[in-house]
Amino acid sequence: MITTKAITAALSLLGPVTEPAPQPVAGPAATPVESWIAGRSVEGRPISVRRAGDGPITVMIIAGVHGDEPEGTAPARAVFDAMVGAGLPPNTELILVEDMNPDGAVNGTRRNANRVDLNRNYPADNFRAHGGRGSAALSEPESATVFGLLDRFRPDAVLALHSSPRGPFVNHDGPAVRYSAAFASAASEADTDTWRLVPDMGYPTPGSLGSLVGLDMKLPILTIEFERGHEPEGAHAALNAGVRALFGAIQPIAESVAGL
């Protein structure tokens, strides 16, 4: 399991915080929303975060992990707005990393501007230094920013948005079987009945977010793989239904934690 010492060492790579402190902004309806720049990419583009709700149960959505997989980025923003506008379930909090790889998105590349796969750059126990994974865990400002958010908020569930020629499907790590099944079932009803569970990607993923969060931190993480080129309306419908189903599955836990 990842240790406190490892977390402290990794966080030291972030350097001093130079961005302004989070400022409340007006959200839809009466739900307060915080919006801030959590970090910057290799080429200086902002990594923006939005947060709504007050917990104690926290769900984090991370969009734009790979720059050539944009299928979930716009839907994630729209779903965040829709859920906040409708009112989050009691005792829950929703955090959105809008696009963690903005350089890759602009350049149309899987990797960041340093040619590092950000989903192989986390300080998981299985990380091994390599040119495409980085010279060290968290060598890249984008993955270091996301790691800092994970350490700060300690989400109870994480959704990482990707796309694949084999999509659409849901992969998971950690104690997330029930959540991934709920997401896939709801996405199938809202979008296409080809959504399915894929418990094993079929290849090693050293230094991945799934390895760090699911295997080392023992927290539920869902890797949402839209179909490559997924039709935008369908992608939005699938994500909207899937996230709502996740909150439905997690709500009894939120009520228990809150002592209701």
Side-chain angles (χ1 to χ4, degrees), residues 1-15 38-39 41-42 47 49 51 57-67 69 72 76 93-101 104 110-112 114 116-162 164 170-180 183 198-225 246 250:
M1 180 181 296
I2 187 166
T3 64
T4 301
K5 181 178 180 182
I7 291 174
T8 301
L11 285 174
S12 70
L13 298 175
L14 294 176
S41 67
V42 171
I47 300 172
V49 178
R51 176 190 181 199
I57 297 296
T58 299
V59 173
M60 181 180 289
I61 302 175
I62 302 172
V65 179
H66 292 136
E69 300 176 10
E93 174 182 61
L94 181 61
I95 298 172
L96 171 63
V97 181
E98 294 188 356
D99 184 352
M100 75 161 287
N101 187 6
R110 174 184 177 89
R111 301 179 181 187
N112 74 345
N114 285 338
V116 170
D117 186 336
L118 299 177
N119 201 35
R120 300 291 184 271
N121 190 235
Y122 290 100
D125 287 347
N126 62 5
F127 173 82
R128 299 294 181 271
H130 181 275
R133 303 178 201 136
S135 58
L138 303 183
S139 62
E140 307 309 299
E142 299 93 343
S143 52
T145 295
V146 170
F147 183 82
L149 292 167
L150 291 168
D151 185 69
R152 173 183 173 186
F153 292 107
R154 293 288 171 151
D156 298 278
V158 177
L159 286 83
L161 307 186
H162 294 259
S164 166
V170 182
N171 171 249
H172 68 268
D173 292 285
V177 174
R178 184 163 61 95
Y179 298 156
S180 57
F183 187 104
V198 177
D200 188 340
M201 293 296 287
Y203 51 82
T205 57
S208 69
L209 191 62
S211 296
L212 173 69
V213 175
L215 302 183
D216 297 346
M217 299 175 72
K218 309 299 184 186
L219 296 174
I221 178 168
L222 281 61
T223 300
I224 310 302
E225 295 278 3
L246 171 62
I250 210 169

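- I95 is not listed as a side-chain neighbour of L149, based on a closest heavy-atom distance of 4.5 Å or more.
- Under the 3.5 Å distance criterion, the side-chain polar atoms of N119 are matched with a main-chain donor or acceptor of L209.
- Residues L215 and D125 fail the side-chain proximity criterion, which asks for heavy atoms closer than 4.5 Å.
- Judged by distance alone, the side chain of T223 and the main-chain N or O of H162 form no donor-acceptor pair under 3.5 Å.
- The shortest distance between side-chain heavy atoms of V59 and P155 does not fall below 4.5 Å.
- A donor-acceptor contact shorter than 3.5 Å links the side chain of R133 to the backbone of R128.
- Looking only at side-chain heavy atoms (C-beta outward), H172 and F183 stay at 4.5 Å or farther from each other.
- Put simply, the side chain of V97 reaches to within 4.5 Å of the side chain of I47, judged on heavy atoms.
- Contact check for L150 versus V158: side-chain heavy atoms found under the 4.5 Å cut-off.
- Side-chain contact between Y179 and V170 is absent, with no heavy-atom pair separated by less than 4.5 Å.
- Atoms NE2 and CZ, on H66 and R110 in that order, are 3.5 Å from each other to the nearest 0.5 Å.
- Shown here for F127 and Y122, the closest heavy-atom pair between the two residues is CB-O, 3.5 Å.
- Between the side chains of N121 and S139, at least one donor N or O lies within less than 3.5 Å of an accepting N or O.
- Minimum heavy-atom separation, S208 to R120: CB-NH1, 4.0 Å.
- Between N101 and S41 there is no side-chain heavy-atom pair separated by less than 4.5 Å.
- In plain terms, the two heavy atoms of I250 and A157 that are nearest each other are CD1-CB, 4.3 Å.
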